[in-house]
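Working notes, beginning with the structure itself.
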Amino acid sequence: MAVITGTVVEIRFRNEENGYTIATVETDLQPFTVVGIFPLVSEGSFVRCEGQFVNHSRFGRQLKAESVCLEQPNTVYGMVRFLGSGMIKGIGEKRAAAIVEKFGKDTFAVIESAPERLTEIRGISRSMAKDIADAYGEVKAASEAMTFLMGHGITSGLALKIFNEYGKATIATVSFNPYQIIEDISGVGFLTADRVAKNLGISPTSNFRIRAALIYALGEAAERTGNTLLLRPELEEETARLLKIDGAELISDNLDELILQRKLREVDYDGERGVMTASLYRCENRAAVKICRMIESTDRSLPDCADEIAEFERIENVTFHSEQRNAITSAIQSGVSVITGGPGTGKTTIVRCILRLLTNHGLTVKLMAPTGRAAKRLSESTGQDASTVHRALLADDDDAVGLNADAVIVDEFSMVDAVLFSALSERLRDEAKLIIVGDSDQLPSVGAGNVLADIINSGVVPVSRLTHIYRQDERSNIVVNAHKINNGEYPDRHGGDFFFIRSDNAADMARTTVDLVTKRLPKYLDCKPQKIQVLCPMKGGDAGCVNINKLLRAELLSSTENEITVGDYAFAAGDKVMHVVNNYNLVWTKDFREGRGVFNGDMGTVTEVRRSSGEILVEFEDGRNATYSGEDKAQLMPAYAITVHKSQGSEYEGVVIPISGNMPLIMTRNLLYTAITRAKNLAVIVGTEESVRRMVRNNFVQKRFSKLKDFLIENERKMSVLYAQNDENDD
């Protein structure tokens, strides 16, 4: 580690949101370029930087700082530069020189402990002296807080976020309860807070620690396995494992206290005690209440529309199966309804018919889907505008065709999690219609909850199950084999749009996959390699998406000049990337318009990297452009190959699915089914016949613990009792 101290003489770049700075620091020896997360600084600030010197290809030798702290300068020149830097309100260069000339080495002590003495300087009043002391106190507090936090193992970037939250109270807050930062600072987990607590000497059996671990365990269950609740014994056991303590009674007592404070909620789950976070409890319960209200409040005056359905069939030259006709009628006449079925069962045509019928009756209809790709496909198939659910939620409340619409149709609903569903349902009018369209046999949402399955299994909402395959789709081997797999049958029809290529080991599968994407399939489909998506069951191993991403990048990327490394990934112009979290604040531009919000699953291409500022520019498939800097860059990942889970809601010209390994919890039938149904024109499986057969036989579906189904049943019962009482009162 190299250490330099000196004066900031030039700030070449600074991101005020995250503190990322490129500055020239002048020492007694020479000026140095320093790059890293800086506290609040300006030109003239005196800093201490620790890091490693690196040789940049364009900008030469520079210090890549791991920590930067503000310090008091110890020379007359340094003190004048520091005080006159502009950081301390009321002091310019001339006044700084006068103060230092008057008080010399005691300058900072005077400002801090006897600020009234500053009135000895011409032009400084008593109120101005107080302002100078207050401003200096803020700068000193920031410096001390940053030094304190980084001294306890917190990175400079996170330290800046913590200080921005707590200000002067940072040291007191973190010292009293370091676990508080988990609740208040996004991106801080239990392990980070626990490390700080250990450094501060907090007891391993502290109530603060135990309660933080309980909340963290529930959060991890939601994030990793999709559970919105855990059974109480399982939660207590997981917490004990996390804490590495033998204190069952202590854990149980703290859990009771959190429930009493309503930070956690205890619920009945099939006769057992379950525990939920307060936020997920609100999400599922409020959504259930709203759905029941919508069911009761809907306008049932629309006719059965049989003649209009027949007219649609005549114009579109289609013939609906009875189950499809029933699905249309149910959607038209219900407040909330579900249409579910696999590929080729006519969901898209049904949506077009519903849309036309509702529009013909003067209703405004909003089309939505969870991802940009799915929304684009819905728009293309219906000829009407469609947006992502997230983008619709960001629309103005008075948008006449937004969430104030008379009817909302949401496609690819299997991807919708509990939080998103709660946000959507909250914005819908009680009198509106919600038409849910999705494939219940696909993988559940990446986020917490089991929304589609819970709605279907509750029995509260009318459900139309589509099983009949349209005649024109029976020629598609993708459709036929998807249904075979879903029924537990081996996919034995090959050719046309579905192929199986035998490969005996993972390394060979990876090579075959790369050859297919870069050479063979672009010719077969007459498309660019970027239109072909590799879908991997796993991240690791030779045939996992991490390795295949590297191999495809080496083949498809023309140049890695000026590439930027972010964590485990490198990005350069031309890279195929995916945004992997919901970021409601990231600014984008398109056709001279500006908006906010880039969401999990949005895919695009890196158009430019800027080494000087560390920025990455991305153009998404829908034409939006966004600039990534600071911590936002960690929300990008390479997307030449992605996991099957990340592909939900998307459709690609062609997909290649390398299958190796035998992990029963991962290599399941519904994962293979989901992967194949992402293909529009071609699906290719690469692997051994036995691996495919094992996946088809493996009908394991990991149970998700969620409460939405129970809340729906409970609220429907309450409303039924309420309406019955009202009827009696009317009589």
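Note that CG of Leu158 and CD1 of Ile185 are 7.5 Å apart. Values are rounded to the nearest 0.5 Å. To the nearest 0.5 Å, the span separating CD on Gln702 from OG1 on Thr225 amounts to 6.5 Å. Once rounded to the nearest 0.5 Å, the distance linking CD1 of Ile215 with CG of Leu235 reads 10.0 Å. Taking CG of Leu393 as the reference point, atom CD of Glu426 lies at 9.5 Å (rounded to 0.5 Å). Considering CG of Leu255 and CD of Glu236, their distance stands at 5.5 Å, rounded to 0.5 Å. Taking CD of Glu10 as the reference point, atom OG1 of Thr24 lies at 4.5 Å (rounded to 0.5 Å).
Considering Asp454, Thr228, Asp417 as possible partners of Ser706, the one that fulfils the side chain to side chain donor-acceptor pair (under 3.5 Å) test is Asp454. A side chain to side chain donor-acceptor pair (under 3.5 Å) with Asn207 is found for one member of Asp253, Asn254, Asn177 and no other, namely Asn254.
Under the 4.5 Å side-chain criterion, counting only non-hydrogen atoms from C-beta, Val174 is not in contact with Ile154. Using a 4.5 Å cut-off on side-chain heavy atoms (C-beta onward), Asn583 and Tyr628 make no contact. Residues Lys646 and Asn600 form a side-chain contact, since some pair of their non-hydrogen atoms from C-beta on lies under 4.5 Å apart. Side-chain contact between Ile181 and Tyr166 is present, with heavy atoms from C-beta onward closer than 4.5 Å. Side-chain contact between Phe46 and Met79 is absent, with no heavy-atom pair separated by less than 4.5 Å. Looking at heavy atoms from C-beta onward, Phe38 lies out of side-chain contact with Leu70 at the 4.5 angstrom threshold. Annotation: side chain of Ile182 is not in contact with side chain of Tyr216 (no heavy-atom distance under 4.5 Å). Under the 4.5 Å side-chain criterion, counting only non-hydrogen atoms from C-beta, Arg211 is not in contact with Lys263.
At distances below 3.5 Å, at least one donor-acceptor pair connects side-chain atoms of Thr170 with backbone N or O atoms of Gly167. Looking at Arg209, its side chain does come within 3.5 Å of a backbone N or O of Pro204 through a donor-acceptor pair. Judged by distance alone, the side chain of Asp575 and the main-chain N or O of Ala572 form a donor-acceptor pair under 3.5 Å. A donor-acceptor contact shorter than 3.5 Å links the side chain of His579 to the backbone of Val581. No side-chain donor-acceptor contact under 3.5 Å links Glu116 to the backbone of Ala129.
Between Ile642 and Pro638, the shortest heavy-atom distance links the atoms CG2-O, 4.5 Å. Closest of all the heavy-atom pairs between Ser445 and Met415 is CB-O, 3.2 Å. Residues Val275 and Leu218 come closest through the heavy atom pair O-CD2, 3.5 Å. Considering every non-hydrogen atom in both Ala418 and Gly449, the closest pair reads CB-CA, 4.2 Å. Between Leu708 and Ala287 the shortest heavy-atom distance is CD1-CB, 4.5 Å. In terms of heavy-atom proximity, Leu149 sits nearest to Ala159 at CD1-O, 3.6 Å.
Between Asp194 and Lys198, none of the side-chain N atoms (NZ, or NE/NH1/NH2) sits under 4.0 Å from a carboxylate O, so this pair counts as no salt bridge. A salt bridge between Lys161 and Asp184 is absent, with no side-chain N of the basic residue lying under 4.0 Å from a carboxylate O of the acidic one. Using a cutoff of 4.0 Å between basic side-chain nitrogens and carboxylate oxygens, Glu237 and Arg241 are not scored as salt-bridged.
Residue-environment remark: CD (Glu249) stays at or below the threshold of 12 foreign heavy atoms within 6.0 Å. Other residues, nucleotides and ligands contribute at most 12 non-hydrogen atoms within 6.0 Å of the CZ atom of Arg286. Heavy-atom contacts from other residues, nucleotides or ligands closer than 6.0 Å to NZ of Lys703 number more than 12. Enclosure of atom NZ in Lys633 by more than 12 non-hydrogen atoms of other residues, nucleotides or ligands within 6.0 angstrom is indicated. At most 12 non-hydrogen atoms from other residues, nucleotides or ligands lie less than 6.0 angstrom from CD of Glu223.
For Arg273, the salt bridge (charged side-chain N to carboxylate O under 4.0 Å, His left out) criterion is met by Glu266, not counting sequence neighbours. In terms of the ring-ring contact (aromatic ring centres under 6.0 Å, His included) criterion, residue partners of Phe599 (sequence neighbours excluded) are, by chain and number, His390, Tyr584. Partners of Lys550 according to the salt bridge (charged side-chain N to carboxylate O under 4.0 Å, His left out) rule, which considers only residues two or more places apart in sequence or in another chain, do not exist here.
You'll find the ring centres of Phe190 and Tyr179 inside the 6.0 Å limit.
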**OP:** Tell me, with the steps shown, if His645 and Leu443 meet side-chain contact (heavy atoms from CB on, under 4.5 Å).
**Re:** CA-CA 7 Å; His645 286 84; Leu443 294 170; 3.8 Å; yes
**OP:** Would you please test Glu71 and Thr5 for side-chain hydrogen bond (donor to acceptor under 3.5 Å, both in side chains) and show each step?
**Re:** CA-CA 9 Å; Glu71 290 198 347; Thr5 57; 5.9 Å; no
Original post:
How far apart are the C-alpha atoms of Lys64 and Val35, what are their side-chain angles, what is the distance that settles it, and do they pass the side-chain contact (heavy atoms from CB on, under 4.5 Å) test?
Top reply: CA-CA 5 Å; Lys64 188 175 182 181; Val35 179; 5.6 Å; no
Original post:
Leu636 and Phe571: side-chain contact (heavy atoms from CB on, under 4.5 Å), yes or no, with the steps?
Top reply: CA-CA 9 Å; Leu636 289 174; Phe571 299 100; 3.9 Å; yes
Original post:
Would Leu200 and Phe148 count as a side-chain contact (heavy atoms from CB on, under 4.5 Å) if you check the C-alpha gap in whole Å, the side-chain angles of each, and the deciding distance to 0.1 Å?
Top reply: CA-CA 11 Å; Leu200 290 170; Phe148 167 81; 3.9 Å; yes
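Side-chain atoms of Gln180 and Thr173 include no donor-acceptor pair closer than 3.5 Å. For the residue pair Arg232 / Ser252, a side-chain donor-acceptor distance below 3.5 Å is found, with atom types taken as modelled. Arg610 and Thr627 share no donor-acceptor pair across their side chains, judged by distance under 3.5 Å alone.
Between Phe108 and Tyr136, the ring planes are parallel. Angles under 30° get that label, and only those over 60° would be called perpendicular.
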